[in-house]
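Only one structure is covered here, and it is reproduced in the block below.
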Amino acid sequence: MKLRSRMLAFIGLPVLLVLLILSVVSYKYSDSLLTSESEQLMSMTAQKYGSDIESIMSKNISYIDMIALKIEKKMPSDVICPLSSRQVKYLK
């Protein structure tokens with residue numbers, strides 16, 4: 001066997017193995033990093049939209065309470081209101 005082919009076998013093969021191991025480790029690390037980053041971003045987005053929806057709903061509920069109080073005040077006292085403002089609050 002020539003010296004060149006021996007050197008290529010003894011140096012080239014370990015270098016290829018090290019490069020292969022490094023590429024696998026790099027792939028695993030980047031995969032876990034990207035997965036955790038995307039999960040964190042999705043969680044933040046869900047929290048933002050959840051709080052937006054909650055504020056819209058609470059605003060609409062306050063409008064309904066206000067309208068129910070106005071209707072209750074305009075009704076004659078002998079008419080029984082099916083849902084008083086106190087009952088609306090219990091439905092929340």
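Note that the numbering runs from 1 along the sequence shown for the chain. Only a predicted model underlies this, so the values are computations on that prediction, with no experimental measurement involved.
In this structure, the separation between CD1 on Ile61 and CD on Glu54 is 9.5 Å, given to the nearest 0.5 Å. In this structure, the separation between CD on Gln47 and CG on Asp52 is 12.0 Å, given to the nearest 0.5 Å. The distance from the OG atom of Ser62 to the CD1 atom of Ile67 is 9.5 Å, given to the nearest 0.5 Å. Rounding to the nearest 0.5 Å places OH of Tyr49 at 11.5 Å from CD1 of Ile56. Interatomic distance, CG of Asn60 versus CG of Asp65, reported as 11.0 Å (0.5 Å rounding). If you take CG on Leu69 and CD1 on Ile64, they are separated by 12.0 Å, rounding to the nearest 0.5 Å.
The two residues Ala9 and Pro14 have their closest heavy-atom pair at O-CD, 3.9 Å.
Taking the salt bridge (Lys or Arg N to Asp or Glu O under 4.0 Å) definition, one finds that Asp31 meets it with nothing, sequence neighbours left out.
Leu3 and Val15 fall within the same hydrophobic cluster, defined by Ile, Leu, Val, Met, Phe, Trp and Tyr side-chain heavy atoms under 4.5 Å apart, directly or through other members. Tracing side-chain contacts under 4.5 Å through hydrophobic residues (I, L, V, M, F, W, Y), one never reaches Val25 starting from Leu17; they form parts of separate clusters. Linking ILVMFWY residues whenever their side-chain heavy atoms come closer than 4.5 Å, directly or via other members, leaves Tyr27 and Leu34 in distinct clusters.
Counting non-hydrogen atoms of other residues, nucleotides and ligands closer than 6.0 Å to CE of Met57 gives a total of 12 or fewer.
Checked by atom type and distance alone, the side chain of Ser43 never pairs as donor or acceptor with a backbone atom of Glu39 at under 3.5 Å.
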